[in-house]
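One structure below.
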Protein chains: 2
Amino acid sequence: MVSREKELPQVNSCIRLFADQEQIQGYKETLDEIEDVFARLAQVYALAGNDARLKILYLLGQQNELCPCDLSDILQMTVPAVSQHLRKLRDAHLVRTRKTGQTIFYSIMPDQANVIDQLFIHIPNQKSVAV
Amino acid sequence: MVSREKELPQVNSCIRLFADQEQIQGYKETLDEIEDVFARLAQVYALAGNDARLKILYLLGQQNELCPCDLSDILQMTVPAVSQHLRKLRDAHLVRTRKTGQTIFYSIMPDQANVIDQLFIHIPNQKSVAV
DNA sequence: ACTGTATTTAAGCAAATACTTAAATATTAA
DNA sequence: TTAATATTTAAGTATTTGCTTAAATACAGT
């Protein structure tokens with residue numbers, strides 16, 4: 001029980017010497033307002049945060065479409081492993097599929113192309129992106 | 001044992017009907033050349049792929065510096081939890097520290113500011129970034 | 001109908017994550 | 001020196017991740 005809790009009940013960790021209390025409260029509210037934006041951003045980055053998936057997104061950005069089989073060859077990993085990564089990307093609506101015979105072609109979801117291109121903006125020889 | 005393996009020994013998964021074999025080989029080599037770039041990118045995105053860490057990076061981008069204690073208040077999580085996230089960010093050289101008394105201020109590592117600003121380019125009211 | 005190919009799904013498992021609580025460290029002030 | 005504060009570190013744990021292998025599904029050609 002510390003006396004300052006009487007005037008600042010929302011403070012519960014440390015006695016701040018430097019921080020501006022109002023500003024802190026303001027940041028809390030800002031983060032609350034765009035909570036869903038952050039949630040989506042974190043989801044995209046979590047997916048891009050895996051080496052195999054990052055490369056898949058890169059390759060799909062370069063090539064129009066690729067099948068799990070090709071990706072398996074390029075990335076040198078088993079087809080089921082690739083398929084499971086593709087499923088996560090599709091669940092997050094980052095890629096879409098087109099079926100022709102027994103082949104399933106994966107491509108970048110058009111309305112997510114900007115977000116995905118941004119991921120590779122620091123890659124050398126990367127095509128420029130309209131934001 | 002399939003006959004085509006004699007002329008294309010590096011192919012080991014599926015019989016491709018559509019893909020250009022040379023192009024596939026080309027992508028393998030390209031990915032090999034920039035393997036370390038992808039590794040670093042994936043590392044950054046994996047770190048940004050956590051909601052708490054993404055917010056920490058955002059807040060540090062807005063404010064010049066913040067201590068674990070303030071972040072704990074803003075994010076409404078325990079101090080050790082925040083501290084462990086900050087450690088990961090520091091291990092990856094995304095943030096740095098400055099000590100004053102018993103307070104440790106965290107701030108964005110200057111040479112990583114561009115990479116980090118890029119993470120939030122789709123956030124509304126985000127300041128523009130020089131790439 | 002049978003075989004082969006492309007893909008997904010399921011089950012199992014080792015490793016990584018992200019928290020928790022408790023203890024250790026460092027600094028400041030009484 | 002003692003007490004309080006800020007922070008980190010350690011240990012424990014539940015959950016998630018990312019692969020593996022095997023099985024299931026779907027389609028095409030013979």
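Throughout, a chain's letter reflects where its sequence line sits, starting with A, and its residues are numbered from 1.
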Which protein N or O atoms sit under 3.5 Å from an N or O of nucleotides 9-13 of chain D?
from: D:dT9; atom 1: OP2; to: B:R87; atom 2: NE; distance (Å): 3.0
from: D:dA10; atom 1: N6; to: B:Q84; atom 2: NE2; distance (Å): 3.2

Do any side-chain nitrogens or oxygens of B:K88 fall under 4.0 Å of OP1 or OP2 in C:dA18?
yes
Lys/Arg N to Asp/Glu carboxylate O, A:D91 vs A:R87, below 4.0 Å:
yes
Verdict with reasoning, A:L59 to A:L75, per side-chain contact (heavy atoms from CB on, under 4.5 Å)
CA-CA 10 Å; A:L59 290 168; A:L75 302 173; 4.1 Å; yes
If you assign each of B:P68 and A:A46 to its closest nucleotide in DNA chain D, which residue comes earlier from the 5' end?
B:P68
Spacing of B:L89 atom CG relative to C:dA18 atom C1', expressed in whole Å
14 Å
What is the distance from CG of B:L71 to C1' of C:dC19, rounded to the nearest Å?
17 Å
Please answer whether the main-chain N or O of A:G26 pairs with a side-chain N or O of A:T30 as donor and acceptor at a distance below 3.5 Å.
yes
Between B:R53 (side chain only) and B:A48 (backbone N and O only), is there a donor and an acceptor less than 3.5 Å apart?
no
Does this structure show an ion pair linking B:E35 with A:K55, if we count only N-O contacts that are shorter than 4.0 Å?
yes
Distance check needed: D:dG18 C1' versus A:Q76 CD, whole Å only.
18 Å
To the nearest Å, how far apart are A:L47 CG and C:dT17 P?
15 Å
Return the value, rounded to whole Å, for the distance between atom CG of B:D70 and atom P of D:dT5.
16 Å
Are the side chain of B:S83 and the backbone N or O of B:V79 linked by a donor-acceptor pair below 3.5 Å?
no
Measure from CG on A:D91 to P on D:dT17 and round the result to the nearest Å.
12 Å
Any idea which of D:dT20, D:dG18, D:dT8 is nearest the A:A81 side chain?
D:dT20
Can you classify the ring geometry of B:F120 versus B:Y58 as parallel (below 30°), tilted (30 to 60°) or perpendicular (above 60°)?
perpendicular
For B:R53 and C:dT17, is the shortest distance between a side-chain N/O and OP1 or OP2 below 4.0 Å?
no
Donor-acceptor pair, distance only, cut-off 3.5 Å: does the side chain of B:S107 make one with the backbone of B:N64?
no
Whole-Å distance between D:dG18 P and A:L86 CG?
13 Å
Once you round it to whole Å, what is the distance between P of C:dA6 and CG of A:L66?
15 Å
Phosphate contact (D:dG18 OP1 or OP2) by A:N50 side-chain N/O below 4.0 Å
yes
Is A:Y106 close enough to C:dT8 that one of its side-chain N or O atoms is under 4.0 Å from OP1 or OP2 there?
yes
What I want to check is whether the side chains of A:Q62 and B:Y27 have a donor and an acceptor closer together than 3.5 Å.
no
Are any non-hydrogen side-chain atoms of B:T97 and B:L86 less than 4.5 angstrom apart?
no
With respect to the phosphate group of D:dT20, does any side-chain polar atom (N or O) of A:T78 fall under 4.0 Å of OP1 or OP2?
yes
Interface polar pairs with nucleotides 25-30 of chain D, N/O, under 3.5 angstrom:
from: D:dC27; atom 1: O2; to: A:Q102; atom 2: OE1; distance (Å): 3.3

